[in-house]
Amino acid sequence: NNAAAYYYLGTLYNFRRNRVKAIEYLKKSSDANSITPDTHFRLAQAFDLAGMVYNALLEYDRTLDLNPRHTKALNAKGWIHYNQGNVEEAIGLWTRSLSIDPQNRDAALNLAKAYNALATQELDAGRREAALAYWNKTLEVDGGNKAAKYYLKRYNK
């Protein structure tokens, strides 16, 4: 009943893309010692990669219950919400991640992608000003974003 041994075996299986074994051993690790955030995070990743999204969300939530500042869990949970069409929830999670760690490049790039996509939707709907506002938000989090710079230059007349 060695939580660390199960964790490392689960991580190894996850790395080798054997999701079933990864989940099995990470679950055993969690059962043996459920107070380690990274155990829940790795289990969430294994569930996520196996397409078991709801289980992944539960484990990301457990990770965040144990460590509310776990930015990797916030970023990953954000992608699940984004892919399910819940863009505002994803933006909230990525914003929270960036507020915890202002140097978190993943969170910044995630937000930039979301804002660029929202800008394009607004432009396609004929709302140029709203699109420009989203491209400006993109540059706030990712100052070198070429797409946002291009579209701001093109439509900011």
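Remember, it's a predicted structure, so these values are computed and weren't measured experimentally.
Residues Leu109 and Trp79 do not share a hydrophobic cluster, clusters being chains of Ile/Leu/Val/Met/Phe/Trp/Tyr side chains in contact below 4.5 Å. Linking Ile, Leu, Val, Met, Phe, Trp and Tyr whenever their side-chain heavy atoms come within less than 4.5 Å leaves Ile80 and Trp94 in two separate clusters. Side-chain heavy atoms closer than 4.5 Å link hydrophobic residues (I, L, V, M, F, W, Y) into clusters, and following such links, possibly through other members, connects Leu139 to Leu132.
When all heavy atoms of Asp38 and Tyr7 are compared, the pair lying nearest together is O-CE1, 3.7 Å. Across all non-hydrogen atoms, the minimal contact from Leu123 to Ala131 is N-CB, 3.8 Å. Here the closest non-hydrogen pair linking Pro68 and Leu74 is O-CD1, 4.2 Å. The shortest heavy-atom contact between Asn136 and Leu152 is OD1-CD1, 3.5 Å. Counting all heavy atoms, side chain and backbone alike, Ala50 lies closest to Ile23 at CB-CD1, 4.1 Å. Nearest heavy atom pair, residue His70 against residue Pro37, reads CD2-CB, 4.2 Å.
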(request) Walk me through it: do Gln84 and Val53 pass the test side chain to side chain contact (heavy atoms under 4.5 Å, CB included)? (result) CA-CA 10 Å; Gln84 290 180 333; Val53 175; 3.5 Å; yes
(message) I'd like to know whether Lys72 forms a salt bridge (Lys or Arg N to Asp or Glu O under 4.0 Å) with Asp106, so could you lay out the CA-CA distance, the side-chain angles of the two residues, the decisive distance to 0.1 Å, and finally the verdict.
(response) CA-CA 9 Å; Lys72 288 182 181 181; Asp106 287 339; over 6 Å; no
(message) Would Thr11 and Leu26 count as a side chain to side chain contact (heavy atoms under 4.5 Å, CB included) here? Give the steps.
(response) CA-CA 7 Å; Thr11 300; Leu26 290 166; 4.3 Å; yes
(message) Could you go through Lys77 and Asp61, starting from their C-alpha distance and side-chain angles, then the distance that decides it, and tell me whether this counts as salt bridge (Lys or Arg N to Asp or Glu O under 4.0 Å)?
(response) CA-CA 8 Å; Lys77 187 177 174 186; Asp61 285 341; 2.5 Å; yes
(message) Using side chain to side chain contact (heavy atoms under 4.5 Å, CB included), reason through Glu59 and Phe47 one step at a time and then give a plain yes or no.
(response) CA-CA 9 Å; Glu59 291 301 324; Phe47 280 136; 3.9 Å; yes
(message) Apply side chain to side chain contact (heavy atoms under 4.5 Å, CB included) to residues His81 and Leu57 and explain how you reach the verdict.
(response) CA-CA 9 Å; His81 286 292; Leu57 284 171; 4.0 Å; yes
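In this structure, Thr63 OG1 and Leu58 CG are separated by 10.5 Å, a value rounded to the nearest 0.5 Å. Considering OG1 of Thr36 and CG of Leu43, their distance stands at 12.5 Å, rounded to 0.5 Å.
Lys28 forms a cation-pi arrangement with Tyr25, by the criterion of a distance under 6.0 Å to the ring centre and an angle within 45° of the ring axis.
Residue Arg127 qualifies as enclosed at atom CZ: its count of foreign heavy atoms under 6.0 Å is above 12.
Remark: Asp65 engages no residue in a salt bridge (charged side-chain N to carboxylate O under 4.0 Å, His left out) (not counting sequence neighbours). In terms of the salt bridge (charged side-chain N to carboxylate O under 4.0 Å, His left out) criterion, Lys113 has no residue partners (sequence neighbours excluded). Every residue two or more places apart in sequence or in another chain was checked for a salt bridge (charged side-chain N to carboxylate O under 4.0 Å, His left out) with Glu140, and none qualifies.
No side-chain donor-acceptor contact under 3.5 Å links Asp101 and Thr71.
Of the possible polar contacts, one joining the Ser99 side chain to the Arg96 backbone as a donor-acceptor pair under 3.5 Å is found. A donor-acceptor pair is defined here as one N or O able to donate and one able to accept, closer than 3.5 Å; no such pair exists between the side chain of Asn86 and the backbone of Tyr82. Judged purely by atom type and a 3.5 angstrom limit, Thr138 uses its side chain to pair as donor or acceptor with the backbone of Tyr134. Looking at Ser29, its side chain never comes within 3.5 Å of a backbone N or O of Tyr6 through a donor-acceptor pair. Between the side chain of Arg19 and the main chain of Asn14, a donor-acceptor pair closer than 3.5 Å is present. In this structure, the side chain of Trp135 does not engage the main chain of Lys149 through any donor-acceptor pair within 3.5 Å. With hydrogens and angles ignored, the 3.5 Å screen pairs a side-chain donor or acceptor of Asn104 with a backbone N or O of Ala107. Side-chain N or O atoms of Ser97 include none that pairs as donor or acceptor with a backbone N or O of Leu93 at under 3.5 Å.
Between Tyr155 and Tyr151, the two ring planes are parallel [angle under 30°; tilted spans 30° to 60°].
Residues Tyr60 and Gln45 have side chains in contact (heavy-atom distance under 4.5 Å, counting atoms from C-beta outward). Looking at Asp142 and Arg105, their side chains come closer than 4.5 Å, going by heavy atoms from C-beta outward. Looking at heavy atoms from C-beta onward, Leu118 lies in side-chain contact with Val87 at the 4.5 angstrom threshold. With a 4.5 Å cut-off on side-chain heavy atoms, Val141 and Thr95 do not count as touching.
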